[in-house]
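Before any comments, here is the structure.
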Amino acid sequence: MESRQALCLKELCPVCGDQVSGYHYGLLTCESCKGFFKRTVQNNKQYVCAEQQECTIDRGQRKRCPSCRFLKCLHVGMRLEAVRADRKRGGRNKFGPMYKRDRALKQQREALIQDGGFRLDSGSSTHHRNLTFTTGFHPLPMIPSTSLPTAQPPHLCSLLPSTQYQCTSFSNWKSQHSNNGSPGPREGKSPSSRIHSFSPPAPSMPQLVMEFLRCDPDELQLQSKISARILQEEENGTPNTFSLMCVMADQTLFSIVEWARTSIFFKQLKVDDQMKLLHSCWSDLLLLDTVCRNVLQGRENSLLLVTGQEMELSYVASHAGLTLASLVQRGQDLVEKLHILKVDRQEFACIKFLVLFNPDVKQLEDPRFVESVHEQAESSLLEYTLSTSSHLIGRFAHLLLCLSEIRSLSTLAEDYLYCKHLSGGVPCNNLLIEMLHAKRSCA
DNA sequence: GTAGCCTTGAAA
DNA sequence: TTTCAAGGCTAC
């Protein structure tokens, strides 16, 4: 067995291809990209690319364009939230278990390559396509977990404690998140300044995209947690595949509520409004979560689940009913469209906020706030999209079209689930069923 | 501003 | 006590 260090040092930095020096801000990188990422985030740097945002970042040219270098850092999965706001030295952060698991996966792969000659992509296991083995739908290997979700989940209202409510304004947010209040180099020409008619000044858009990204949950932690729960279900009996999928959806829904509850802007809303928004878009977010995972990490002709398992589409076609199989196929078509559009984590982070802050939700206490956040998210997405792919005319419009496809698909999925629920085919007493009922009673 | 090396300190 | 991923320092 190779030493931990030897395993790490064999890899190349996913940003510039230099020698990796260890895990830094979420994944294995070299020392210079680690330092660059730290300086950029700590000093709130705003770079502008002099070209078309397509500069090559390699060891020899990494100094040429900090803008493209930073975008590449984010694209490969470096985590903004790993840079400490308090600048405290030493110790470990919440990524410790993630690094440990990533190492274990790498060792596992290394062993498989040596034993059986599997061909696998190199690089960090966290954020690339073509990553996992196709397993069909087998029971999961044991994954230790210290905090298993409870068998009887609490209701949504108890997941959104009213003590969380703090009313801070946009201007407070801006002052907290900018160094001196003066606009960054990109702010002056931000499309948002043309779009916004609402009074609060927009924070610099790249920064808002960063804030959205910061809110993203840790995928590996989620994977371990839900895998452990599935294992628990399997040990408790032998539920069928559909029931296990419902448990997965239910647990994912938990993580979505937790994500929303702790997210920027959303935590400023009153609990009533929070519940109304979540009741309205839970299935969109659930679908978006799966779509996002499959666009960023999935493989063709298979469905990547939140547990990291892959299910062959041919298996779905032969084992699921006609309705479910066609829903999955439509979802997969959407994944393919988004994959062709090369939608990245940043864009998905914006889209999630667009979906969550739906200004069409009725009887909100603070509709103007919801509307303004929706506009901010849309402007962020527009600016980011233009800055990364200005040569692709209409890409933003394509993204919005995909969003409406997500909405129509999630409505169909909800109807399907409701029918299955009425016929007793869905496990009861969970968040999934609560949401299903809540939305129907609102409609 | 960059990047290599050093120091720190919580978790294992 | 050891590990190792944070932040800091400094020559370039």
Side-chain angles (χ1 to χ4, degrees), chain A residues 1-51 53 55-108 110 123-127 142-147 177 179-180 182 184-186 204 206-207 210 213-214 216-221 224-225 228:
Chain A
M1 180 71 71
E2 282 180 278
S3 75
R4 183 181 284 182
Q5 210 175 14
L7 262 172
C8 290
L9 294 178
K10 273 186 5 188
E11 298 212 16
L12 299 178
C13 174
V15 181
C16 70
D18 200 352
Q19 188 79 53
V20 150
S21 69
Y23 282 91
H24 306 296
Y25 310 110
L27 72 164
L28 289 169
T29 73
C30 68
E31 196 62 25
S32 73
C33 288
K34 166 200 155 188
F36 169 77
F37 190 76
K38 180 185 70 175
R39 286 192 302 276
T40 303
V41 179
Q42 279 182 341
N43 302 325
N44 193 24
K45 300 271 186 200
Q46 308 275 326
Y47 306 119
V48 180
C49 176
E51 305 291 326
Q53 299 239 331
C55 305
T56 305
I57 305 297
D58 57 27
R59 197 181 166 185
Q61 301 183 74
R62 65 190 175 199
K63 284 198 267 188
R64 281 194 185 171
C65 180
S67 172
C68 290
R69 191 182 187 183
F70 187 57
L71 279 177
K72 194 167 177 191
C73 285
L74 291 172
H75 187 77
V76 299
M78 290 183 83
R79 308 295 292 252
L80 295 160
E81 64 269 38
V83 179
R84 297 173 184 167
D86 58 5
R87 298 198 164 200
K88 227 173 126 186
R89 299 171 79 180
R92 295 272 202 274
N93 61 15
K94 66 169 184 170
F95 293 106
M98 183 173 102
Y99 297 146
K100 198 175 166 186
R101 191 163 157 71
D102 196 50
R103 272 195 197 97
L105 279 170
K106 282 182 203 306
Q107 285 189 345
Q108 223 172 27
E110 195 78 13
S124 170
S125 68
T126 43
H127 297 285
M142 282 294 291
I143 296 167
S145 172
T146 48
S147 57
H177 291 80
N179 286 345
N180 49 19
S182 61
R186 300 183 71 161
S204 82
Q207 208 178 340
M210 282 186 212
L213 263 184
R214 266 185 220 271
D216 266 353
D218 174 41
E219 178 77 4
L220 282 174
Q221 264 180 10
S224 312
K225 207 171 164 178

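At dG7(C), one or more side-chain N or O atoms of Tyr25(A) fall inside 4.0 Å of OP1 or OP2 (strictly under the cut-off). For Arg62(A) and dA3(B), the shortest distance from a side-chain N or O to OP1 or OP2 is below 4.0 Å. Within the structure, every side-chain polar atom (N or O) of Gln42(A) is placed at least 4.0 Å from both OP1 and OP2 of dA6(C).
Separating the CG atom of Asn93(A) from the P atom of dA5(C) is a distance of 9 Å, rounded to the nearest angstrom. What separates CZ of Arg87(A) from P of dG9(B) is a distance of 16 Å, to the nearest Å. Following rounding to the nearest Å, Tyr99(A) (OH) and dA11(B) (P) show an atom-to-atom distance of 15 Å. In this structure, Lys63(A) places its NZ atom 8 Å from C1' of dA3(B), rounding to the nearest Å. Rounded to whole Å, the distance from CZ on Arg79(A) to P on dA5(C) is 16 Å. Per the geometry, CZ belonging to Arg84(A) stands 13 Å off C1' belonging to dT7(B), to the nearest Å. Atom NZ in Lys88(A) sits roughly 9 Å away from atom P in dA11(B) (whole-Å rounding). Between the OH atom of Tyr23(A) and the C1' atom of dA10(B) there is a distance of 19 Å, rounded to whole Å.
Taking the ring centre of Phe36(A) as origin, the terminal cationic atom of Arg62(A) falls outside the region bounded by 6.0 Å and 45° from the ring axis.
Heavy atoms of Arg39(A) sit under 4.0 angstrom from at least one base atom. Residue contacts for Arg92(A): at a heavy-atom cut-off of 4.0 Å it reaches a base atom on one of the strands shown. At a threshold of 4.0 angstrom between heavy atoms, the contacts of Lys38(A) include nucleobase atoms, whether or not backbone atoms are also involved.
To the nearest 0.5 angstrom, Leu80(A) atom CG is 4.5 Å from Phe37(A) atom CZ.
At a cut-off of 3.5 angstrom, the base of dG7(C) holds at least one donor-acceptor pair with the side chain of Lys34(A).
In this structure the side chain of Gln46(A) reaches within 4.5 angstrom of the side chain of Asn44(A), judged on heavy atoms.
For Gln42(A) against Val83(A), the heavy-atom pair with the smallest separation is CG-CG1, 3.7 Å. In terms of heavy-atom proximity, Ala82(A) sits nearest to Phe95(A) at CB-CE1, 3.3 Å.
Candidate nucleotides dA10(B), dA6(C), dC4(C) were compared by shortest atom distance to the side chain of Arg103(A), and dC4(C) ranks first. The side chain of Lys45(A) approaches dG1(B) more closely than any other nucleotide in the set dG1(B), dT2(B), dC4(C).
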